[in-house]
Amino acid sequence: MSLGQEAAELDARDPLASKRAEFDLDPQVAYLDGNSLGAPPRSVARRLEEVVREQWARRLIRSWDEGWWDAPERIGDRIAPLVGSAPGQVVVGDSTSVNLFKLLVAATRLNPGRQEILVDGTTFPTDGYVADSAARLTGHVVRRVAPGEMPGAVSERTAFALVNHVDYRTGELHDLTGITEALHAAGALAVWDLCHSVGAVPVELDAAGVDLAVGCTYKFLNGGPGAPAFSYVPARWQEAFDQPLTGWAGHADPFAMDEGYAGRAGISRARAGTPDILSMLALDAALDVWGDVTVGQVRAKALALGEFFLRCLDELVPGVEVLTPRAPARRGNQVSVRWPGAREALAMLTAQDVICDFRQPEVLRFGLAALYTRYGDVLRAARVLSGWPG
Ligand SMILES: *Cc1c(COP(=O)(O)O)cnc(C)c1O
């Protein structure tokens, strides 16, 4: 059977094929960048129109008491099952970078008397930048260590380690449970960044005993450009959780207008200022696509898409250097290849309606957002690459 026939058959038999119709996507486009900006679910435009025309225009200020003020916790509870969290431990708001700052400073306060912070040596840069600044403020020293080497590097000096669950560049999936265990064995806390795993890979935060986590909602959760991020603080840490952005929205009684800060009980003390309601309610609508599908189903299809894509690459682009681990247990929902002249290759892919992206140095990334990506899409990407002289 030819690859083309195989792709057609896989798409015809795909149990998630009908989910694609819930997204506003041009059928001509092979969209392989859902790991950077998820595609828009059709429900989002309708919901935003309603929020502006009904809630904002007609209900005006009353809307704050009719669902807006509590949206961060309510939507956090919708994300909780996607990351293996009980209710009341996830709150939505602010960017990932801002949430990292809150959580990293709080982590130093949860584990005092230790001088060192380990940061994933392959991290997405913002995490490292924020960790460096948090360390300067709190008097800690940052050491950069590859995730696989953290179990050997952690010691009684380590307050916590910050690890990316999936490497943004290579798509490698790290062992969240094993690394968390190793950190705990040395008395260090485990802080995980789920930006590239939430909505893509099953995550079990409670079961793994993760201490704190952040994640992004505009990638595999399709929340829209700049959609607010989330923070996870498990119940056992909430009372001691002391984050540095002590804005009024995290106050025990915000409308008492007290002079002094007292954090509200529960996850709400991870909040800072007035929530970004339009973005947040766009995300709320986007989460509707998870009503009849599990992360497990999405993961199963993404692994099959990856398997098929790797086969297409091997056949059509022999000798291509794949940076993503081939073992299913070690890759997230992304395939990355080293490609000399990646920037030019990207322009050629884009000209043929294959949308992906590239990262320094010379890496092409193909996101496999299984809710809407077709087997035919990854075959097209491999076909375009096969025509590239480089
Ligand atoms: C996408 C991503 C971010 C993004 O941070 P923003 O504050 O939303 O810009 C941070 N960390 C990781 C690991 C990411 O993949």
Side-chain angles (χ1 to χ4, degrees), residues 32-39 72 75 79 82-83 90-105 107 117-134 142 144-147 150 160-174 176 179 190-201 203 205 210 212-232 243-245 270-273 275-276 279-280 282-283 286 323-324 331-336 356-360 363 365-369:
L32 300 171
D33 214 3
N35 54 325
S36 206
L37 176 65
I75 300 168
I79 293 173
L82 302 175
V83 294
V90 176
V91 69
V92 175
D94 305 317
S95 64
T96 299
S97 301
V98 170
N99 283 292
L100 278 164
F101 180 73
K102 296 184 220 172
L103 263 49
L104 300 189
V105 172
I117 296 170
L118 298 183
V119 172
D120 182 338
T122 55
T123 186
F124 185 87
T126 204
D127 303 52
Y129 303 156
V130 172
D132 285 337
S133 178
V142 169
R144 283 171 161 74
V145 176
M150 284 203 176
F160 69 86
L162 169 62
V163 199
N164 288 190
H165 194 192
V166 174
D167 185 308
Y168 79 100
R169 190 185 280 117
T170 64
E172 178 172 0
L173 172 66
H174 297 299
L176 181 136
I179 294 173
V191 184
W192 284 88
D193 184 323
L194 310 176
C195 282
H196 282 274
S197 60
V198 61
V201 178
V203 183
L205 293 178
V210 166
L212 299 169
V214 294
C216 174
T217 68
Y218 52 75
K219 293 170 182 165
F220 290 106
L221 292 184
N222 313 304
F230 63 89
S231 284
Y232 162 84
Q243 62 105 340
L245 295 181
R271 291 176 57 168
D276 34 8
S279 294
M280 204 169 277
L283 166 64
L323 296 173
T324 310
R331 63 178 146 92
N333 294 359
Q334 171 188 322
V335 168
S336 301
C356 56
D357 67 21
F358 98 100
R359 287 290 178 268
Q360 298 291 0
V363 177
R365 302 192 309 171
F366 299 90
L368 307 172

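We're numbering straight along the sequence, starting at 1. Counting starts at 1 for both ligands and their atoms, in listed order. Owing to the predicted nature of the structure, the values given are computational and were not obtained by experimental measurement. All values below were derived from every heavy atom in this structure, side-chain atoms included, with hydrogens, water molecules and symmetry-related copies excluded.
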Indicate every side-chain donor-acceptor pair of residues 212-232 with a distance under 3.5 Å to a residue at least two apart or in another chain.
| residue | atom | partner | partner atom | Å |
| --- | --- | --- | --- | --- |
| Thr217 | OG1 | Pro228 | O | 2.7 |
| Ser231 | OG | Asn99 | OD1 | 2.8 |
| Tyr232 | OH | Asp206 | OD1 | 2.6 |

**Prompt:** Which pair of heavy atoms, one from Val201 and one from Gly332, lies closest together, and at what distance?
**Reply:** CG2-CA, 4.2 Å
**Message:** For a quick check: using heavy atoms under 4.0 Å, what are the residues in contact with ligand 1, sorted by chain and number?
**Reply:** Ser95, Thr96, Ser97, Phe124, Thr126, Asp127, Asn164, Asp193, Cys195, His196, Tyr218, Lys219
**Asked** Between Arg169 and Leu323, is any pair of side-chain heavy atoms under 4.5 Å apart?
**Response**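 No - every pair of side-chain heavy atoms lies 4.5 Å or more apart.
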**Request:** Decide yes or no for Leu162 and Asp127: does some side-chain heavy atom of the first lie under 4.5 Å from some side-chain heavy atom of the second?
**Result:** yes
**Prompt:** With sequence neighbours left out, what residues match Ser197 under side chain to side chain donor-acceptor pair (under 3.5 Å)?
**Reply:** His165
**Request:** Apply side chain to side chain donor-acceptor pair (under 3.5 Å) to Ser133 and list each qualifying residue two or more places apart in sequence or on a separate chain.
**Result:** none
